[in-house]
Amino acid sequence: MASVSAWRLPQSRSDTPPHMTKTQISTTFEQVAILLELDGANRFRVIAYQNASRALATLEEDLLTVVQENRITEIKGIGKGIGGLISEAVLHGSWGNLDELYAKIPPGLIQMTGIPSLGPKRVRLLYEELKIDSLEKLKYACENNQIASLQGFGPKSQEKYLEGIDLLNRYQGRNRLDIGLAYGRVLEEKISKIPNVVKAQLAGSARRMRETIGDLDIVLGAKPEYQDGIIREIMDFPGIAEVKGQGTSKISLILEAEMLAEPIGSSEMDIALSESLSERSSNATIDAQIRIVNPETFPFTLAYFTGSKEHNIRMRQLAIDKGLRLNEFGLFSESEAGDKTGMEAAKNTLICSDESEIYKNLGMPWIPPELREDMGEIEAASEGNLPKLIEVGDLKGAFHNHTTSSDGAATLEEMANQAINLGWEYLGIADHSESLNIGGRQIGIPSNEMINQSIEIKKLNKYYQNENINFKLFHGSECDILSDGKLDYSLEIRNSLSHVIGSVHALGSWKNRDESTNTEFLIKAIEDPTFTILGHPTGRILQGREGFP
DNA sequence: GCCGTTTTCGGCCCGACTGTTTTCAGTCG
Ligand SMILES: Nc1nc2c(ncn2[C@H]2C[C@H](O)[C@@H](COP(=O)(O)OP(=O)(O)OP(=O)(O)O)O2)c(=O)[nH]1
Ligand SMILES: [Mg+2]
Ligand SMILES: [Zn+2]
């Protein structure tokens, strides 16, 4: 759920246009969509703001230029109304009537929609009828039996909200990809092992390899006669914190993360990953959706459950344009299906034995899950212009690696050996530089110790050469970009290195400057002749901290 | 609120599960 602390309209930080950035306007429209929903607005109007938010986020052109040249409504999904808002925000830094909407909806209502099965319609009712505008007030009302008697509510919903508030407090947010994947693979394997399961596969954002994973989505293929039994076996799993829903083809669970914390098989787990897993509260939960279908429809359901939602919508629209219809059961003729829906409609589906045949029937090659975000991949695939993605096997080495000389977990030699084991041809060492300290504790390598690392690397390189090992270490540094855009270390040291990765670490002054000032300082660093690579350019730490403007 | 080459009105992806429900809205995926 979006953080409520930043729930306000952005203010201009500049005297001249552009007064707002693409990101600021995009984020605002996302919030407006949520507020409109709580305000009971037409749902397609809500979607219009979501679409506009996406359109801005994916716009490559300079927004001010587009506005000044009166081309804003040429962007698909942006018309007169929203286009007017964008122009006003960019040119004047103001937001039309949106401030009224923000004033009208208490932020507590947004938090309330975080409770499972409590959505905008009912939150609005609770607010209008009982003046409930916070989780605390909702809890009090539930405990005092004030909800059940309300028109549109009942004893079950009141009960659910109370449980939901507890679950919300335990909810630790989305999982970073590595953690989510580890959990997901354990669940996938547990389900695969149930007798008569033909196939179980992790789908959703985990299969698309997104940076963070909201929940675990699993497609399960099994013959109809076994499905009930399989569902019962899953419901008997230990560690189910809550059953959000259980039907004949879909179950929604909240799982104790502990249930999935066991590493898979005997393969040794990444040290950092196992640390991350144990760092998470033992109290943590993770949601799981399991979709159960007949083995023949597996490819369609896998494609559907892999998403993204936006990609699915485009795929379905594309099918309609071709006189077909697509759902999670098949791809079939619109006219033949008529009024039928769901599995009935898909009775005479085109036979597709895997995902690539679905895409083929829609005039495209198979699209890798990593690209399925409606970010241009449908157009690229239709025109035969899909990029060839870089695979793990394509990697020959990496330049940004730390060792125990700064804050790494492994020594230089351990790092090198592991790289050789991976079949890499080189490894660039780039430990933190001198000025990096955390609360006074020295992290980076002091200037006078850089020579030691240099000697050790030369020694190892000589050894690889003598032993005819096709591997080389490069001695670099992850050099701090200081607040004035200068690079850490003396010019002499930097000149002696094979590569200098410039990174901003002490965010302090960067946070309080605007985008263009920060960019100027970054450019200054980049223009230094010793500079090679810009490290983590946004300063963001996933689920840790925001980046700088 | 946006969109359109059968369009300026009437669609906008489509389905599972629940219980607020007795024929369907809300929520979620
Ligand atoms: N056609 C269609 N498919 C949807 C819709 N919502 C979700 N899906 C499909 C695509 C999603 O990737 C998949 C799983 O839903 P999730 O809500 O878990 O989304 P996803 O896993 O992509 O992201 P997450 O990290 O879990 O937030 O279900 C929808 O509104 N329409
Ligand atoms: Mg998901
Ligand atoms: Zn760094």
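In the text below, chain A, chain B and the rest are named by the order of the sequence lines, each starting its count at 1.
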If I take atom CD1 from residue A:Ile86 and atom CG from residue A:Leu91, how far apart are they, to the nearest 0.5 angstrom? 11.0 Å

Between B:dG26 and B:dT21 - P atom distance, rounded Å: 12 Å

Which residues pass the ring pair (Phe, Tyr, Trp, His ring centres under 6.0 Å) test with A:Tyr49, not counting sequence neighbours? A:Phe29

Integer-rounded Å distance: B:dG4 C1' and A:Asp321 CG: 12 Å

May I ask you to decide whether A:Arg207 forms a salt bridge with A:Glu355, counting only side-chain N to carboxylate O separations under 4.0 Å? yes

With rounding to whole Å, what would you report as the distance between B:dG4 and B:dC13 at their P atoms? 14 Å

Base B:dT27 to side chain A:Arg122, donor-acceptor N/O within 3.5 Å cut-off: no

Under the side-chain hydrogen bond (donor to acceptor under 3.5 Å, both in side chains) test, which residues partner A:Arg210, sequence neighbours left out? A:Glu373

For a quick test of your reading: what N or O donor-acceptor pairs under 3.5 Å do the side chains of residues 120-129 of chain A make, sequence neighbours left out?
| from | atom 1 | to | atom 2 | distance (Å) |
| --- | --- | --- | --- | --- |
| A:Arg122 | NE | A:Gly152 | O | 3.4 |
| A:Arg124 | NH1 | A:Asp39 | O | 3.1 |
| A:Arg124 | NH2 | A:Glu128 | OE2 | 3.4 |

Closest-nucleotide ordering on DNA chain B, the 5'-leading residue of A:Val123 and A:Pro155: A:Pro155

Over all strands shown, is A:Ile115 touching base, sugar-phosphate only, or nothing at heavy-atom distances under 4.0 angstrom? sugar-phosphate

Annotated protein contacts, base or backbone, on nucleotides 12-17 of chain B with a non-hydrogen cut-off under 4.0 Å, one of B, S, - each: BBBSSS

Under the rule for side-chain hydrogen bond (donor to acceptor under 3.5 Å, both in side chains), what residues qualify as partners of A:Asp339, not counting sequence neighbours? none

Side-chain ion pair, A:Arg170 and A:Glu242, N-O less than 4.0 Å: no

Pairwise salt bridge (Lys or Arg N to Asp or Glu O under 4.0 Å) hits with a residue in residues 293-311 of chain A, at least two apart: none

Sticking with atom P, work out how far B:dC2 lies from B:dT7, rounded to a whole angstrom. 23 Å

Answer syn or anti for B:dT7, where the cut-off is 90° from 0 on the glycosidic torsion. syn

For nucleotides B:dG1 and B:dT6, find the distance between their C1' atoms and express it as a whole number of Å. 24 Å

The ring pair (Phe, Tyr, Trp, His ring centres under 6.0 Å) partners of A:Phe300 (sequence neighbours excluded) come to none

Now, which nucleotide makes the Watson-Crick or G-U wobble pair with B:dT8, with each of the two distances under 3.5 Å? none

Can you pull the salt bridge (Lys or Arg N to Asp or Glu O under 4.0 Å) pairs that have at least one residue in residues 53-65 of chain A, sequence neighbours excluded? A:Arg54-A:Asp374, A:Glu61-A:Arg71

Between B:dT20 and B:dC28, how many Å separate the two P atoms, rounded to a whole number? 15 Å

Hits for side-chain hydrogen bond (donor to acceptor under 3.5 Å, both in side chains) against A:Ser333, two or more places apart or cross-chain, chain-then-number order -> A:Ser335

What is the distance, to the nearest angstrom, from the CG atom on A:Leu150 to the P atom on B:dT20? 12 Å

Sequence-distant partners of A:Ser192, side-chain hydrogen bond (donor to acceptor under 3.5 Å, both in side chains), two or more places apart: none

Positions of residues 64-81 of chain A (non-hydrogen atom under 4.0 Å from DNA chain B), listed by number: A:Ile75, A:Lys76, A:Gly77, A:Ile78, A:Gly79, A:Lys80, A:Gly81

Within residues 217-233 of chain A, which residues have any heavy atom lying less than 4.0 Å from an atom of DNA chain B? A:Asp217

